[in-house]
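Below is one structure, written out as structure tokens, with a few remarks after it.
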Amino acid sequence: SGMRHVPKLLELVTVLVCCKIASSSSANAESHLGIEGEGGEHDHDRMPDAMQNNDPMPVTDLAENKVAMNTNAFEIMDDLMMRSITLLTAYKVQHGGNRPSFTASSNLTETADFSARYAWELQLKNAVKASDNPNGTGRENAVEADLASELLVTTLQLYSDHAKNFDLIESEYHMLSHYILSFPTFSDVSVKVLTLKTLEYVCTGLAGANSLMPLRVATEVFCSGCKFLLRVAASSKADCQNDPGGKGDYNDEDGDDEIAAALELAGQDLQMLCDTLVKLLEFDENVGHVMLDCGLFGSKVDEIYNLIMTSIKGMETEMALPFSEEKEGVDAGDITMGYSHSSDASPENDAVNVDISDCNPTPRSSTKMDTIYACFCRILRLVARQQGARAVVEENGG
């Protein structure tokens with residue numbers, strides 16, 4: 001069936017999810033429906049007490065009718081989700097048919113790194129496609145986007161129908177966690193916005209909801225995105241198209257313009273996720289504790305620091321390139337900066353002493369790393385204010 005039948009199907013699923021599973025006990029059925037005993041005689045003892053005393057029957061709480069009593073019916077939506085979201089399909093292909101795991105022992109960092117790599121592949125392909133066809137409609141993935149949106153809207157409706165539904169459904173199917181993991185790979189901005197709004201609603205509007213796993217996934221996706229995009233942005237010659245993550249299939253035909261366009265769009269996605277995490281950090285200090293538990297002030301900040309320092313060293317080498325290109329046979333690493341220019345280098349010393357003005361360095365007012373670095377620093381600043389953050393830093397030797 002086509003997309004036009006999906007809303008009706010999902011409407012049926014919501015009804016099935018909230019249906020109470022019938023008891024197999026015949027005695028239970030008799031107590032609710034029958035007043036006849038064996039042999040067809042009136043069995044007064046089997047009647048509910050309220051009926052025996054002519055009291056009005058107890059009124060069922062209408063809200064309880066919206067509790068997800070039959071979560072097995074959610075299998076339909078889970079199957080549609082796994083088939084409609086391209087990241088989940090790709091993950092299963094590359095992991096022997098296994099889907100992402102969201103258990104306490106799962107390696108969420110590795111899973112989020114896969115998401116970051118796959119998202120970059122999609123961004124780069126879309127940038128190349130946009131460059132080749134500027135007048136394209138961009139609706140090639142419309143069906144997948146519409147289905148992903150319909151599924152999430154239906155899930156959000158179930159979560160809002162009753163406070164218990166989130167824990168009942170999410171603990172088994174991890175619907176929201178899957179969407180957050182796939183966030184950077186969605187081509188439709190509306191699906192991205194809806195994913196983040198759902199996360200905000202669960203964390204701020206559902207009292208008592210166990211949102212630990214979705215928050216952990218959001219933290220890992222954010223940090224993996226920062227690391228991967230910093231690797232891309234750190235290359236002044238944009239040679240990261242040859243796969244900075246080490247597992248892609250890029251080639252030298254991808255141009256600098258496409259890299260820049262993909263990097264800008266990926267930076268916007270990172271900014272959206274950062275804004276949501278900032279809101280949650282300001283609303284609930286427990287969000288900061290989740291991020292600390294994920295190693296934000298440990299291995300993650302160390303990796304970001306190392307990437308930035310590597311980039312700085314690359315810029316210093318780049319500043320010497322104009323001179324080294326003019327002097328054939330002189331390697332940039334053999335150049336030492338000085339304040340006088342020696343026309344004849346000493347035979348005993350292979351290094352060339354040059355006036356720093358010969359290199360004509362041009363200070364940069366901005367770099368491609370700025371947006372990514374700014375996002376990461378915003379999160380660090382808020383988490384650092386959390387109680388216990390200092391102890392974590394000291395424990396990691398910070």
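Given the structure is predicted, the values throughout are model-derived calculations rather than measurements.
Residues Leu212 and Phe283 do not share a hydrophobic cluster, clusters being chains of Ile/Leu/Val/Met/Phe/Trp/Tyr side chains in contact below 4.5 Å. If you chain together hydrophobic residues whose side chains sit under 4.5 Å apart, Ile372 and Leu265 never meet in one group.
Put simply, CG on Leu194 and CZ on Phe183 are 11.5 Å apart, with the number rounded to the nearest 0.5 Å. Taken to the nearest 0.5 Å, the CG atom of Leu281 stands 4.5 Å off from the CE atom of Met291. Leu88 contributes atom CG, which lies 9.0 Å from atom OG of Ser115 (distance to the nearest 0.5 angstrom). Separating the CZ atom in Phe376 from the SG atom in Cys274 is a distance of 10.5 Å, to the nearest 0.5 Å. Within the model, atoms CD of Gln123 and CG of Asp269 stand 5.5 Å from one another, a figure rounded to the nearest 0.5 Å.
In this structure, Phe102 places its CZ atom where more than 12 heavy-atom neighbours from other residues, nucleotides or ligands lie under 6.0 Å away. In Glu200, the CD atom is crowded: over 12 heavy atoms of neighbouring residues, nucleotides or ligands sit closer than 6.0 Å.
Residues Leu124 and Glu258 share a closest heavy-atom pair of CD1-O, 4.0 Å. For the residue pair Ala218 and Leu199, the shortest heavy atom distance occurs at CB-CD2, 4.1 Å. Shown here for Ala119 and Pro184, the closest heavy-atom pair between the two residues is CB-O, 3.6 Å.
Counting heavy atoms from C-beta on, the side chains of Arg99 and Asp78 come closer than 4.5 Å. At a threshold of 4.5 Å between non-hydrogen side-chain atoms, the residues Cys203 and Val287 do not count as touching. Between Met77 and Thr155 the shortest side-chain heavy-atom distance falls below 4.5 Å. When side chains are defined from C-beta on, Met175 does not count as touching Thr198, because their heavy atoms never get closer than 4.5 Å.
In this structure, the side chain of Asn165 engages the main chain of Leu158 through a donor-acceptor pair within 3.5 Å. A donor-acceptor pair is defined here as one N or O able to donate and one able to accept, closer than 3.5 Å; such a pair exists between the side chain of Glu170 and the backbone of Ser177. The main-chain N or O of Glu75 is never found under 3.5 Å from a side-chain atom of Asp79 such that the two would form a donor-acceptor pair. With Ser149 contributing its side chain and Asp146 its backbone, the two residues share no donor-acceptor pair below 3.5 Å.
The pair Glu285-Arg385 does not count as a salt bridge, with every side-chain nitrogen at least 4.0 angstrom from each carboxylate oxygen.
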Check the pair Tyr179 / Phe186 against ring pair (Phe, Tyr, Trp, His ring centres under 6.0 Å), numbers first and verdict last. CA-CA 9 Å; Tyr179 268 81; Phe186 290 130; 5.7 Å; yes
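Under the side-chain hydrogen bond (donor to acceptor under 3.5 Å, both in side chains) test applied with Ser224, the options Thr219, Asp113, Thr111 reduce to a single match, Asp113.
For the residue pair Thr89 and Thr86, no side-chain donor N or O sits within less than 3.5 Å of a side-chain acceptor on the partner.
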